[in-house]
Amino acid sequence: MANAIETRRLDVGYGGRQTAVKVLTGLDLSVAAGSFLSILGPSGCGKSTLLRVVADLLDPLGGSISVLGDTPHAVRSRRDVGFVFQDSTLLPWRTVRDNVRLPLNVGQGRLTRTIDDRTDELLDLMGLAGFGERLPHQLSGGQRQRVAIARALLGQPRLLLMDEPFGALDEITRDRLNDELLSLWRRTGATILFVTHSIAEAAYLGERVIVLAANPGRLARDLDMRPFKQAGNRCSREDPAIVAAMAELRGALEQAS
Ligand SMILES: Nc1ncnc2c1ncn2[C@@H]1O[C@H](COP(=O)(O)OP(=O)(O)O)[C@@H](O)[C@H]1O
Ligand SMILES: [Mg+2]
């Protein structure tokens, strides 16, 4: 399967089909399976709305969308999609471990052992070994986002949707999590859609960066980042090529705002 996501003439908005205000109009977007797509755009242009349609949290008003070759609903039912938001909604009264296990919501049975192992593995992977019995308020912001990522990864989703997941973190922590995310992406082969306000973050992470424009939301720029990077989407943040790509994205973003 070549494309993880394919939209054709996709219209999305809020309210009933008759009264709806369209947020995205006529969006044609194909996202290659296993790729890392960064999404930039002015506030309110519909970035979160786009992720919501992909995640089956919102029905389109028109056009078509296929996710992993299927309907968003089928993909969600199979737990093939993971979602991480800016403010990770951890349950404050549950331990880190229980927050990670939350989506599967299994208490008993044969699966428990596997889930336990998997939970430990993910906590380990996210640098949270030894934090399993802590409560969310005993963690830093960066650690809480790691828990949210571990939770999103529990079902081994083939598609990971991230909506400004590191927006509230300091720059050092954000850079570190960016690198962890890239290595995770390389190991899992998952498709990642990553919304961010940061041009630098979008350029560093994405194999491709799209810029959405507002009113109505539409594709304003579609930049292949591979020419600016080494093989395997590798680059250094100070690379002149990356800096040049960032300048190009900034121009597109200014035009779109
Ligand atoms: N639940 C909702 N009901 C009505 N309008 C909404 C809702 N959520 C978002 N919107 C509107 O849709 C537009 C796009 O929002 P959003 O996708 O959150 O933008 P972004 O994530 O790019 O900042 C905005 O104008 C916003 O006000
Ligand atoms: Mg948003």
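Atoms within each ligand, like the ligands themselves, are counted from 1 in listed order. Basis for what follows: all heavy atoms, side chains included, without hydrogens, waters or symmetry-related copies. The chain is numbered in sequence order, starting from 1.
Leu181 and Leu40 sit in two unconnected hydrophobic clusters of ILVMFWY residues. Membership requires side-chain heavy atoms under 4.5 Å apart, directly or through other members.
The nearest protein atom to atom 2 (C) of ligand 1, hydrogens excluded, is given as Tyr14 CD2, 3.4 Å; this is a heavy-atom distance. Among protein heavy atoms, atom 24 (C) of ligand 1 sits closest to Gly44 O, 3.6 Å. If you check which protein heavy atom lies closest to atom 18 (O) of ligand 1, you get Ser48 CB, 3.7 Å.
A cation-pi contact, defined as under 6.0 Å to the ring centre and within 45° of the axis, links Arg237 to Tyr204.
Residues Asp116 and Thr119 have side chains that never bring a donor and an acceptor to within less than 3.5 angstrom of each other. Between the side chains of Arg187 and Ser183, at least one donor-acceptor pair of N or O atoms lies under 3.5 Å.
Atoms of ligand 1 lying under 4.0 Å from at least one heavy atom of Arg52, given by number and element, are 8 (N). Atoms of ligand 1 found under 4.0 Å from any heavy atom of Ser43, numbered from 1 in the order shown, are 23 (O). When each atom of ligand 1 is checked for a heavy atom of Thr49 under 4.0 Å away, the hits are 14 (C), 15 (O), 16 (P), 17 (O). Near Val23, with a cut-off below 4.0 Å to any heavy atom, the atoms of ligand 1 are 12 (O), 13 (C), 14 (C).
Within a 6.0 Å radius of CD in Gln138, other residues, nucleotides and ligands contribute more than 12 heavy atoms.
With Arg208 as reference, Asp222 is the one residue of Asn233, Asp222, Asp224 to meet the side chain to side chain donor-acceptor pair (under 3.5 Å) rule.
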